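Before any comments, here is the structure.
Atoms within each ligand, like the ligands themselves, are counted from 1 in listed order. Worth saying up front: this structure is predicted, and the values here are computed from it rather than measured.
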Amino acid sequence: MKKLVVLTGAGISAESGISTFRDSDGLWENHRIEDVASPIGWERDPETVMKFYNLRRKQLFEVHPNEGHRALAKLQDHFDVQIITQNIDDLHERAGSSNVLHLHGELKKVRSTVHPELIYTMDHWELKMGDVCEKGHQLRPHIVWFGEAVPMIGIAAEIAEQADIFMVVGTSMAVYPAAGLIGFVKQYIPKYYIDPKAFQMPGIANLKTVNEKAGSGIPRLAKELLKMN
Ligand code: OAD
């Protein structure tokens, strides 16, 4: 089976009703990154940070995967599919994708502020001050904040290097190191970029842009890939 590696971003979950970050009315238009998504913000005002992620988590319990997520899951019947997502939602998993690597953490998980290896999955949406790990320390969202290392990036780069086909979906390719992963894919490998604002990236060979939403663009490309397979 050919290895199909898919890098996804907020755009793939947009049709499920989750806001992106940099589109008009995106999350970063209404919140300052340094207030809600940085270690300094957490130190200054953890309640505001918690509230921001609590609202996202509450919404996650109410939304569902869309055609884009489902089409990627169906491709597993024909390809060895590995998803690398910048998203903190679990919509790929709920659509049935088995191999999902979360670069920026997971909204439904929280971890100890003192013992980062103590990670817990939440079955409810609200994390509060005073919620502690088994050793008695405050829990925080299991999210990679700006200014923090991206622990999964090395594994992600290795996966990208092994791709026989590479797909990018619903990301502005504005945030590094995630956006740099396409640079690890071999030059001759076919690459597809599905996003209404998809663009040609300098230095990236064999890249086909598909200026379409994920919900229609992925199923259409999936049919093409199956014909070529
Ligand atoms: P962005 O908000 O930067 O980009 C979203 C992309 O989705 C844009 O290119 C849109 O054109 C596209 N888009 C919108 N609707 C779409 C649809 N229906 N189908 C397909 N594409 C669509 O989000 P990301 O690139 O994911 O990090 O942002 C990367 C990281 O920046 C996030 O993981 C987050 C953020 O700050 C952290 O919080 C650490």
Is any side-chain N of the basic residue among Asp89 and Arg56 closer than 4.0 Å to the acidic one's carboxylate O?
no
Pairs touching residues 142-154 that satisfy salt bridge (Lys or Arg N to Asp or Glu O under 4.0 Å), sequence neighbours left out
Arg140-Glu148
Decide, yes or no, whether a salt bridge links Lys208 with Glu224 under the criterion of side-chain N to carboxylate O below 4.0 Å.
yes
So which protein residues pack against ligand 1 under 4.0 Å, heavy atoms counted?
Gly9, Ala10, Gly11, Ala14, Glu15, Thr20, Phe21, Arg22, Asp23, Trp28, Gln86, His104, Val144, Phe146, Gly170, Thr171, Ser172, Val175, Asp195, Pro196, Lys197, Lys213, Ala214
Can a cation-pi geometry be assigned to Lys186 and Phe166, taking NZ or CZ under 6.0 Å from the six-membered ring centre and within 45° of the ring axis?
no
Could you list the residues that satisfy side-chain hydrogen bond (donor to acceptor under 3.5 Å, both in side chains) with Glu47, not counting sequence neighbours?
none
Pairs involving residues 116-134, ordered by first then second residue, that meet side chain to side chain donor-acceptor pair (under 3.5 Å) (sequence neighbours left out)
Tyr120-Glu134
